[in-house]
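Notes for the one structure printed next.
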Amino acid sequence: QVQLVESGGGSVPAGGSLRLSCKASGFSTSNYCVAWFRQPPGQEREGVADIDSVGDSTYADSVKGRFTISKDNARNTLYLQMNNLKPEDTAMYYCATDTTGGGSCWGGLREYEFNYWGQGTQVTVSS
């Protein structure tokens with residue numbers, strides 16, 4: 001069965017960096033769209049970045065130039081490198097995959113486009 005397990009979250013000061021990982025099983029990251037979402041405290045979940053089967057990526061405007069999504073298909077693992085973190089980046093971060101889209105990402109970073117989710121990893125950025 002499909003499983004996604006996130007790791008790498010933690011607490012950092014503003015301006016710091018973190019790298020999140022998402023280990024996938026039950027499907028191949030080389031074949032499907034995979035993405036990162038986040039849910040700040042008291043807010044709705046929002047899309048951060050996605051990457052399709054050929055490596056093309058999309059980013060939310062709020063993270064462009066600071067975050068980088070990547071994947072290692074040999075390890076079946078998705079990453080999110082987060083630099084120059086800000087307090088407003090504080091959130092639970094989730095990885096997700098769309099196993100129905102044939103490898104392409106819709107590009108809209110919308111929750112309903114993804115059918116499997118991980119349990120999340122917490123990122124806290126202090127000012």
Side-chain angles (χ1 to χ4, degrees):
Q1 68 278 22
V2 172
Q3 283 193 319
L4 297 161
V5 180
E6 303 94 336
S7 62
S11 297
V12 296
S17 297
L18 281 173
R19 188 176 82 153
L20 305 184
S21 299
C22 174
K23 176 64 176 175
S25 59
F27 75 102
S28 175
T29 57
S30 63
N31 293 335
Y32 298 105
C33 176
V34 283
W36 288 98
F37 283 74
R38 67 185 182 185
Q39 187 166 20
Q43 299 182 39
E44 295 185 351
R45 192 153 53 183
E46 62 186 18
V48 175
D50 64 29
I51 185 167
D52 66 16
S53 60
V54 297
D56 291 334
S57 56
T58 301
Y59 293 91
D61 288 344
S62 58
V63 306
K64 281 181 182 176
R66 300 188 298 122
F67 290 11
T68 302
I69 189 170
S70 63
K71 58 180 180 173
D72 183 337
N73 290 330
R75 297 179 183 272
N76 223 32
T77 300
L78 177 69
Y79 301 100
L80 185 68
Q81 178 65 44
M82 305 186 293
N83 298 328
N84 190 22
L85 282 160
K86 304 176 181 181
E88 52 264 42
D89 295 317
T90 294
M92 185 71 79
Y93 282 72
Y94 301 88
C95 62
T97 187
D98 171 17
T99 60
T100 67
S104 298
C105 295
W106 293 99
L109 293 171
R110 292 175 285 262
E111 279 193 75
Y112 63 80
E113 297 170 353
F114 297 86
N115 57 336
Y116 289 100
W117 295 81
Q119 84 291 345
T121 186
Q122 178 68 37
V123 172
T124 302
V125 184
S126 58
S127 58

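Basis for what follows: all heavy atoms, side chains included, without hydrogens, waters or symmetry-related copies.
For R66 against L85, the heavy-atom pair with the smallest separation is NH1-CA, 3.9 Å. In plain terms, the two heavy atoms of F114 and D98 that are nearest each other are CD2-N, 3.7 Å. When every heavy atom of V34 is checked against every heavy atom of L78, the shortest pair comes out as CG2-CD1, 3.6 Å. Between G8 and T121 the shortest heavy-atom distance is N-OG1, 4.1 Å. Taking all atoms of both residues into account, the shortest heavy-atom contact from A14 to P87 is CB-CD, 4.1 Å. Nearest heavy atoms, I69 versus A35: CD1-CA, 4.3 Å.
To the nearest 0.5 Å, atom OH of residue Y59 and atom NZ of residue K64 are 10.5 Å apart. Atom OG1 of T68 sits about 11.5 Å away from atom CZ of R19, to the nearest 0.5 Å. In this structure, D52 CG and S57 OG are separated by 8.0 Å, a value rounded to the nearest 0.5 Å.
For the side chain to side chain donor-acceptor pair (under 3.5 Å) with T29, the qualifying choice from D72, N76, T97 is N76, the only one to do so.
A continuous path of hydrophobic side-chain contacts links L18 to V48 [ILVMFWY only; heavy atoms under 4.5 Å]. Using a 4.5 Å cut-off between side-chain heavy atoms of Ile, Leu, Val, Met, Phe, Trp and Tyr, with links allowed through other members, L4 and V123 fall into the same hydrophobic cluster. Both Y93 and V12 are members of a single hydrophobic cluster when ILVMFWY side chains are connected at heavy-atom separations under 4.5 Å.
Contact annotation: the side chain of V125 never approaches that of E88 to less than 4.5 Å [non-hydrogen atoms, C-beta and beyond].
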* Asked: Run the side-chain contact (heavy atoms from CB on, under 4.5 Å) check on R38 and V63 step by step: do they pass?
  -> CA-CA 12 Å; R38 67 185 182 185; V63 306; 4.0 Å; yes
* To do: Start with the C-alpha distance between E6 and L20, add both sets of side-chain angles, then the distance that settles side-chain contact (heavy atoms from CB on, under 4.5 Å), and finish with yes or no.
  => CA-CA 7 Å; E6 303 94 336; L20 305 184; over 6 Å; no
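Here the two rings, on F27 and Y116, have centers that are 6.0 Å apart or farther. Aromatic rings of W36 and F67 (six-membered ring for Trp) have centroids beyond the 6.0 Å cut-off, not under it.
Salt bridge annotation for D89-K86: absent, with no cationic side-chain nitrogen under 4.0 angstrom from a carboxylate oxygen.
Residues satisfying the side-chain contact (heavy atoms from CB on, under 4.5 Å) criterion with S30, sequence neighbours excluded, are S28, N73. Scored by the ring pair (Phe, Tyr, Trp, His ring centres under 6.0 Å) test, Y32 finds no partners at all (sequence neighbours excluded). E113 pairs by the salt bridge (charged side-chain N to carboxylate O under 4.0 Å, His left out) definition with R110, not counting sequence neighbours.
Within the 3.5 Å criterion, the main-chain N or O of T99 finds a donor-acceptor partner in the side chain of N115. Not a single donor-acceptor pair under 3.5 Å links the side chain of K23 to the backbone N or O of Q3. K71 places no side-chain N or O within donor-acceptor distance of the main-chain N or O of I51, the cut-off being under 3.5 Å.
Using a 3.5 Å distance cut-off with no hydrogens or angles, the side chains of N83 and S17 do pair a donor with an acceptor.
In W117, the CH2 atom is crowded: over 12 heavy atoms of neighbouring residues, nucleotides or ligands sit closer than 6.0 Å.
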